[in-house]
Amino acid sequence: MPNRFCAICGKKLGREDPHFGMCLTCFLKEHPLFKLPDRLSINICLDCGSYSKKDIWIEPLDNELFSIIEEAIQKFLLKPFEKKNNIDFTLNINENSFIFSSKDLLVSLEVEIIGVFKEDLNIKHKHILSLNLNHILCKNCTNLRGGTYFIAIIQLRVKDEEQFDLIKEVLDEVNAYAENLFEKNHKHYISKLENQKFGVDLYLSTNELMNYIIKFLKSKYYFLLKRTKKLVGRDSQKGRNLYRLKALIKFLPVKIKDVIFIGDQNYYVENITKNKIILRGENNTKLIKDYTYFFNEKIIKNKL
Ligand SMILES: [Zn+2]
Ligand SMILES: [Zn+2]
């Protein structure tokens with residue numbers, strides 16, 4: 001076999017260089033293992049560390065800046081290569097390239113992206129990416145800082161002053177519940193509380209939070225629930241109407257074992273179901289009433 005030489009650099013080719021008349025080094029220069037843009041610009045939320053390329057914000061797995069950067073590069077640039085799963089990528093953040101803003105925020109840096117072909121470790125490629133970081137507030141944190149953002153309202157109500165302790169108890173529980181949820185997902189929070197004569201209004205950041213709270217309360221309390229929705233505008237981008245949802249929760253003014261005077265005798269509350277109250281009279285007669293009865297009628301409670 002006659003000697004063969006690299007068409008580009010003239011190096012003598014060996015058996016390990018069957019790359020269309022080129023040596024491996026020159027072949028890889030002509031046919032890089034992967035191609036990526038030279039620049040990437042991402043937004044990072046000042047408050048929560050979420051990142052985005054355009055409108056959609058993603059919560060990072062870890063809130064540390066370098067891991068946010070690596071996660072964003074994975075998501076925005078390397079994801080298409082994941083499917084083939086034939087390249088191992090390593091990212092090196094070049095600390096000498098750091099440029100800081102006047103507020104000491106890292107605004108620009110270089111990241112070295114090295115990819116190695118899994119089937120032949122000699123085949124690799126190095127790419128230098130210039131990364132720009134825009135430090136802004138994500139939608140959610142903008143609303144949070146604004147403080148008055150809400151899209152749903154829960155109205156907690158009791159029938160009279162006697163039940164004010166109940167409102168306090170429920171409020172404490174709902175607050176703890178919502179704080180817990182907020183830890184898991186910053187979308188959900190109570191943005192405002194407003195005292196009313198017979199209860200309190202909760203202003204909520206999401207409709208889901210409203211449903212979660214209703215479900216949570218249903219597992220512990222008996223109440224009448226009335227949902228309403230009001231048209232408040234239109235989302236022209238998504239082409240749909242925007243509604244503000246409201247849920248009125250009226251806590252039942254009686255509980256099991258209460259004694260109530262109805263007609264001409266005393267009844268005690270034997271049981272409460274999802275929408276009925278089972279009463280037992282002094283002469284053992286059974287009486288079944290809807291929840292609404294106890295809101296519409298004046299209830300005379302007796303202590304036996
Ligand atoms: Zn060559
Ligand atoms: Zn944020």
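Remember, it's 1-based here, ligands and their atoms both numbered in the order they're listed. Note that the coordinates shown come from a computational prediction; the quantities given were computed from them, not determined experimentally.
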**Asked** Do Q196 and I167 have side chains that get closer than 4.5 Å, going by heavy atoms?
**Response** no

Is there a side-chain contact between L181 and Y189, using heavy atoms and a 4.5 Å cut-off? no

Q.
Is the shortest side-chain heavy-atom distance between I278 and K286 below 4.5 Å?
A. yes

* Given side chains that start at C-beta, do those of N207 and I151 come closer than 4.5 Å, heavy atoms only? -> yes

Practice task
For residues Y221 and I249, determine if any side-chain heavy atom of one lies less than 4.5 Å from a side-chain heavy atom of the other.
Solution key: no

| task | Specify whether H127 and H125 have parallel, tilted or perpendicular ring planes, treating 30° as the upper limit for parallel and 60° as the lower limit for perpendicular. | result | tilted

One checks the Zn ion (ligand 1) and counts protein N, O or S atoms under 2.8 Å, reaching 4

- Message: Are N275 and D290 packed together at the side-chain level, in the sense that at least one heavy-atom pair is separated by less than 4.5 angstrom?
- Response: no

If you count heavy atoms of other groups shown closer than 6.0 angstrom to CD1 of I56, is the number above 12? no

The protein N, O or S atoms lying under 2.8 Å from the Zn ion (ligand 2) are C45 SG, C48 SG, C138 SG, C141 SG

Could you check whether any side-chain heavy atom of R157 comes within less than 4.5 Å of a side-chain heavy atom of F223, counting everything from C-beta outward? no

